[in-house]
Amino acid sequence: MNSNSTLLQRHTPQVRANHWFVVIAFTLVALSGLAFFHPAFYFLSNLFGGGPWARILHPFAGVVLFLAFLLLVARQWRHNRITAADRQWQQQMMAIMMNRGHDLPEIGRYNIGQKYLFRTLLVMIPLLFLTGIVIWQPYFAPEFPIGVVRLAVMTHAIVAFIAMISIIVHIYAAYWTKGAIRGMIRGTVTAAWAKHHYPGWYKEMTKGRE
Ligand code: HEM
């Protein structure tokens, strides 16, 4: 066993369906939100049937995103604990980026960058949900003092910006780690890929099989 072309299961069908559902929801929320964030993006409202429909659908899509994201978090939680090996790996990050990484600690299923992104989204998506509720006209906003609504509008916009930048970084990193997107589509990665990027996880997956 363990020729480098052996396939290892990285993501279950449930995680993959959940992840791509979150991607679709996030895309709809981001595009409809941008449409009424600035006139330069207003053309995006055509995707939703015009300005009023973009405005009506945005918060409902936001609730769907929040719930689907919580489910994904529950499924990924245990894989995102930061370990001593992660901290050491972080210290050697520059060397890894310059492809000079050697004598590195054996990181597990995800690297520290992924774990930080997980934490960032863990704060950003619930914040978007909470501030979104506060500013949701005509349902909830009238229940809050105007000062709170104004603060929530500002926070919502800033947090949305951070979340979008984080997702752009996430997509770039996924693309950069050739084979990762295939893993999230088909569920499997090659043993060679696992050994190279996540040696601790590779060992765990092949324990007793070598
Ligand atoms: C086109 C957009 C996206 C692409 C191509 C993409 C790609 C990927 C890939 C390839 C992985 C697996 C990485 C690995 O196996 O090491 C992954 C994991 C993950 N993605 Fe995405 N993703 C996208 C959008 C999103 C969005 C919008 C969210 C959430 C708002 C998200 C949240 C996650 C989470 C939580 C994980 C698990 C990583 C962890 O738990 O640390 N992704 N993504």
Side-chain angles (χ1 to χ4, degrees), residues 7-34 47 58-59 61-83 85-87 89-90 93 96-97 101 104 106-132 156 159-206:
L7 295 178
L8 303 174
Q9 183 171 44
R10 183 139 174 98
H11 305 289
T12 63
Q14 289 83 344
V15 166
R16 283 182 279 145
N18 195 162
H19 178 267
W20 293 117
F21 187 90
V22 167
V23 173
I24 293 168
F26 187 90
T27 308
L28 294 178
V29 174
L31 294 180
S32 56
L34 281 171
L47 295 169
H58 176 79
V63 173
V64 172
L65 167 65
F66 175 65
L67 296 177
F69 177 73
L70 284 191
L71 199 60
L72 187 61
V73 166
R75 291 188 156 121
Q76 298 292 309
W77 183 267
R78 68 201 156 95
H79 303 309
N80 283 283
R81 286 192 199 103
I82 293 177
T83 62
D86 288 326
R87 290 194 200 287
W89 197 83
Q90 183 180 14
M93 193 88 114
I96 295 165
M97 285 165 83
L104 290 168
E106 295 197 333
I107 53 157
R109 193 189 161 91
Y110 292 126
N111 64 44
I112 192 138
Q114 290 171 295
K115 292 178 183 181
Y116 279 145
L117 181 98
F118 184 80
R119 280 162 176 69
T120 307
L121 292 174
L122 201 54
V123 175
M124 297 302 144
I125 304 285
L127 256 181
L128 281 173
F129 173 74
L130 292 176
T131 52
H156 197 75
V159 172
F161 180 74
I162 300 172
M164 282 188 281
I165 298 291
S166 310
I167 291 301
I168 291 170
V169 172
H170 174 61
I171 296 170
Y172 181 70
Y175 174 75
W176 189 64
T177 315
K178 295 275 175 257
I181 296 181
R182 185 194 113 131
M184 197 39 111
I185 294 172
R186 298 194 199 170
T188 52
V189 292
T190 63
W193 183 92
K195 201 173 186 175
H196 179 67
H197 294 290
Y198 304 95
W201 179 69
Y202 166 80
K203 275 197 179 155
E204 222 175 274
M205 293 295 287
T206 54

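Just follow the structure's listing: the first ligand is 1, and inside any ligand the first atom is 1. Values below: every heavy atom of this structure, side chains too, minus hydrogens, waters and symmetry copies. Not measured: the values here are computed from a predicted model.
Within the protein, the number of N, O or S atoms lying under 2.8 Å from atom 21 (Fe) of ligand 1 is 2.
Between Trp193 and Tyr198, the ring centre distance stays below 6.0 Å.
Atom CZ of Arg186 sits in a sparse spot, with 12 or fewer heavy atoms from other residues, nucleotides or ligands closer than 6.0 Å. For Trp77, the CH2 atom counts as loosely surrounded, since its 6.0 Å shell holds 12 or fewer non-hydrogen atoms of other residues, nucleotides or ligands.
Here the shortest heavy-atom distance to atom 10 (C) of ligand 1, taken over Ala68, Ala180, Ala194, belongs to Ala180. Between Tyr110, Phe118, Tyr198, Trp201, it is Tyr110 that holds the heavy atom closest to atom 38 (C) of ligand 1.
Side-chain contact between Val64 and Phe21: present, with at least one pair of heavy atoms (C-beta onward) separated by less than 4.5 Å. Residues Thr12 and Arg75 fail the side-chain proximity criterion, which asks for heavy atoms closer than 4.5 Å. Ile167 places a side-chain heavy atom less than 4.5 Å from the side chain of Leu121. Within the 4.5 Å cutoff, the side chain of Val169 has no heavy atoms near those of the Tyr116 side chain. In this structure the side chain of Ile171 never reaches within 4.5 angstrom of the side chain of Ile168, judged on heavy atoms. In this structure the side chain of Leu31 reaches within 4.5 angstrom of the side chain of Leu47, judged on heavy atoms.
Every residue two or more places apart in sequence or in another chain that forms a ring-ring contact (aromatic ring centres under 6.0 Å, His included) with Phe66 is listed here: Phe129.
With respect to atom 34 (C) of ligand 1, the closest heavy atom belonging to the protein is Leu72 CD2, 4.0 Å. The nearest protein atom to atom 37 (C) of ligand 1, hydrogens excluded, is given as Gln76 OE1, 3.6 Å; this is a heavy-atom distance. Of the protein's non-hydrogen atoms, the one nearest atom 5 (C) of ligand 1 is Trp20 CH2, 3.9 Å. Ranking protein heavy atoms by distance to atom 15 (O) of ligand 1, first place goes to Arg10 NE, 2.7 Å.
The distance from the CD1 atom of Ile24 to the NE2 atom of His19 is 11.0 Å, given to the nearest 0.5 Å.
In terms of polar-atom proximity, Arg109 is not counted as a contact of ligand 1, lacking any N or O under 3.5 Å from an N or O of the ligand. Among the atoms of Gln114, some N or O lies under 3.5 angstrom from an N or O of ligand 1.
Contacts of His79 with ligand 1, taken as heavy-atom pairs under 4.0 Å, are absent altogether. Only the side chain of Asn80 comes within 4.0 Å of ligand 1, counting heavy atoms alone; its backbone N, CA, C and O stay farther away.
At least one heavy atom of His11 sits closer than 4.0 Å to an atom of ligand 1.
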